[in-house]
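Small disclaimer: the values here were computed from a predicted structure and weren't measured. In each ligand, atom 1 is the first atom listed, and ligand 1 is the first ligand listed.
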Amino acid sequence: MKVVSREITLSTSKKLELVDITSEVEHIVRESGVKNGLCLIFAPHATAAIIANEHERGLMLDILEKIAEDFPNNGRWRHNRIDDNAAAHLASAFIGTERVFPVIDGRLVRGTWQNIFLVELDGPRSYRRVIVQVMGE
Ligand code: ZN
């Protein structure tokens, strides 16, 4: 089995933000030489997440608004006694920091309306990483 690991680095400019990394991920899959297997996309961060959905401006704002509604950063959270970003940790924990896609015939398989995004939950950050690991034959 072949295993190819690469890293995407990026910066974010807002507190909550979606960064489309689809083309970078697809490039890594193509270059990996893996024809059939899996592609893991993992953000090694406690205040970021990875999702797959449509790259449509209104929907992207809807997703961010829903996150802000579901994870308000208020005084109730104990983590805010030592830090000010409990909501970002909670959102990361529940949304998840990874997604896995099939790789078939050398291509990442995803729906037409499934772009891949890093979700910034505690920005802006000058340095965010996404690990892309392509495994298969
Ligand atoms: Zn924290």
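Residues passing the salt bridge (charged side-chain N to carboxylate O under 4.0 Å, His left out) test with D70 are K66, sequence neighbours excluded. For R30, the salt bridge (charged side-chain N to carboxylate O under 4.0 Å, His left out) test picks out no residue, with sequence neighbours left out. With sequence neighbours excluded, no residue satisfies ring-ring contact (aromatic ring centres under 6.0 Å, His included) with H27.
Salt bridge annotation for R128-E120: present, with a cationic side-chain nitrogen under 4.0 angstrom from a carboxylate oxygen.
If you chain together hydrophobic residues whose side chains sit under 4.5 Å apart, L59 and L121 fall into the same group.
Using cut-offs of 30° and 60° for the angle between ring planes, the H55 and F117 rings count as tilted.
Annotation: protein N, O or S atoms under 2.8 Å of the Zn ion (ligand 1) (waters excluded) comprise H79 NE2, D83 OD2, N85 OD1, H89 NE2.
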